[in-house]
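All chains are named by letter (A, B, ...) in the order of the sequence lines, taking the proteins before the strands, and each is independently numbered beginning at 1.
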Amino acid sequence: MNKPTKTAIEPTRTQDYPEWYQQVIKGADLAENSPVRGCMVIKPWGYALWENMQRVLDKMFKDTGHQNAYFPLFIPMSFLEKEAQHVEGFAKECAVVTHHRLEPDPNGGLRPAGPLEEPLIVRPTSETIIGAMYAKWVQSYRDLPILINQWANVVRWEMRTRLFLRTAEFLWQEGHTVHATAEEAMEETRKMLEVYADFAENYMAVPVIKGEKTAGERFPGADVTLSIEAMMQDRKALQAGTSHFLGQNFSKAQEIKFQDQNGQMSYAWTTSWGVSTRLIGALIMTHSDDDGLILPPRLAPSHIVIQPIYRDDAQRSEVLTYCQSLRKELSTQMLGERAIEVSIDDRDMRGGEKKWYHVKRGVPLRVEVGPKDIAKDAVFVARRDTGEQVSMSRSEFTASVSKILMQMQQNLFDRATKLRADHTVKIDNLDDFRAYFTPKNAEQPEIHGGFAECHFASEADVAEILNELKVTIRCIPMDGDDQGGPCFVTGKPSGKRAIFAKAY
RNA sequence: CGGGGUGUAGCGCAGUCUGGCUAGCGCAUCUGGUUUGGGACCAGAGGGUCGUAGGUUCGAAUCCUAUCACCCCGACCA
């Protein structure tokens, strides 16, 4: 008795954005919560998406001279203690291993036994364990630079979690490099931010702002933190990737030093940079609509699903044969460097149900093929991004499929760019700022605000109002060409504008 | 760690205030049939230690006590 609903996902974005987000994930079967507090299970469709992201990023890292390696999950507690800022930043959210076996307890259960002499922490990030190894590997300037990346899981014991956006355990990559000079390390920091921005915009179709974090928002232990910031459809900011110039902080703490050309001992300069499964959250919240997930073709695990339509066995075999040949023909087409992925969904399932299954999963193109289509050698094509459905000849479709997918990729990017442009404003006084970030409905805040470009002279001056409105300084954009102006709170002169926004 | 809430079938819930036959409903699942260019219909079936442990009672999903788990709101964060 389940009546067809107007939208495949309920509630809609405007009704309840956070709940919509959860339902999109559920509808697309990307992931679900696990019995382990704060930890998610990434299901095959979600993991395939992550694998595509990994494949592209990994190539980008290799193309910029990096190699992959793997370092331990566990870090001796004393390692973390070495860098004071770093300890302070992460100590409160670490999982700590204190025992190395279990024994039966009197109640028939198990209890930890065999206390460790030194507790191990599960890595929240690997600067310290990797730094300890780098200290051994670096002796001479000839050993530099070291350019290593690792794909790993990390654990941060967050108080509140949300699928993909913030989970206790998440998957990521972390690059860790060592350089002889500050300039070279800073160049590496910038270079990797560019890689992330390139990936976000050209593969994820998510427009990002490259910028520098303020002191208050910096990575614990970094001298400079750069980030890419994206705007989600609820107009909140999401930090999608970070790249840190760590100066000599970690090399001094961990004795990463080398003899230079002149025989002098110097501390090395290090960087670290990472993106995580959070990118999937960014993807979802940038493109999806009230019918579910929308995937940018370049990262979609499957580009086209062919849905055969038939009534009886005779038609079935005729239609399936046609679909198989269509599939084969489409599979030879390329989308960029990747072959187009085509699947045939011939499950015994009602047509409408099957259609919505793929709509919710965000497959870019859905192609229906039935006897009537075959009779005129045509296919019925539905585009996920626009919802447009057209019948076209088979030859026309196969000839243009690659172009259509690239158009979709571009359309998603343009759409997201427009949303951001429509909700980015320059604000120069406190009243406007407060009005911009205050929802009309205090009980159930509607989607409001966006990015505010403002001048500020010092973080302390704006701390109070930011705290009150739950707004943060996202970054000081690198590409900004602003000429300076007065702080929106104090009127004191400031250089460049910063992006202010509510954030995930 | 504060404030609020929820634990009943795979999922979503009703029943609890006011204790009482065999604990219900929707979706999902399974079987049979009818359907089939679009989120089907009919008939039937399976599936529950009512979070856990005590207590009150002739009798507890329901009342009392304790406890655990999870969710939401805050403080903290990729």
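Partners of A:Pro477 by side chain to side chain contact (heavy atoms under 4.5 Å, CB included), not counting sequence neighbours, listed by chain and number: A:Ile209, A:Ile499. Taking the side chain to side chain contact (heavy atoms under 4.5 Å, CB included) definition, one finds that A:Asp223 meets it with A:Phe245, A:Asn249, sequence neighbours left out.
Positionally, the nearest nucleotide of RNA chain B for A:Met349 lies more toward the 5' end than for the other of A:Ala503 and A:Met349. Of the residues near RNA chain B, A:Arg156 and A:Phe380, the one whose nearest nucleotide (by heavy atom distance) lies more toward the 5' end is A:Phe380.
Note on A:Gln239: only backbone sugar-phosphate atoms sit closer than 4.0 angstrom, heavy atoms only; bases stay farther off. Contact annotation for A:Phe170: base contact, defined as any heavy-atom pair under 4.0 Å involving a base atom. Among the heavy atoms of the strands, none lies under 4.0 Å from A:Thr472. Residue contacts for A:Thr242: at a heavy-atom cut-off of 4.0 Å it reaches no nucleic acid atom on any strand shown. A:Leu165 comes within 4.0 angstrom of a base, heavy atoms only. Using a 4.0 Å heavy-atom distance criterion, A:Lys360 is classed as a base contact.
Contact detail for A:Ile9 and A:Asp291: the closest heavy-atom pair is CG1-C, 3.7 Å. For the pair A:Val319 and A:Pro308, the tightest heavy-atom approach, listed with the atom from each and the gap, is CG1-CB, 3.6 Å.
No cation-pi contact links A:Arg278 to A:Tyr504, judged by a cut-off of 6.0 Å to the six-membered ring centre and 45° from its axis.
Distance, A:Lys354 NZ to B:rA40 P: 13 Å, rounded to whole Å. Taking atom CZ of A:Arg366 as the reference point, atom P of B:rG37 lies 14 Å away to the nearest angstrom.
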Seminar exercise, completed: Read 5' to 3' with Watson-Crick or G-U pairs under 3.5 Å, [ ] for crossing pairs and | for partners on another strand, RNA chain B gives ((((((((.[[[[.)....(...]]]].((((((.....)))))).....[[[[[..)....]]]]])))))))....

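A donor atom on one side chain and an acceptor atom on the other are not found under 3.5 Å apart for A:Glu217 and A:Thr472. With no hydrogens or angles considered, a side-chain donor-acceptor pair links A:His244 and A:Thr225 at under 3.5 Å.
Across B:rU16 and B:rC64, the matching P atoms stand 14 Å from one another, rounded to whole Å. On the C1' atoms, B:rU67 is 29 Å away from B:rC58, given to the nearest whole Å. Taking atom P in both B:rC41 and B:rG3, the straight-line distance is 48 Å, to the nearest Å. With both ends at atom C1', the span from B:rG32 to B:rC25 equals 24 Å, rounded to whole Å. One C1' atom belongs to B:rG15, the other to B:rA60, and the distance between them is 14 Å to the nearest Å.
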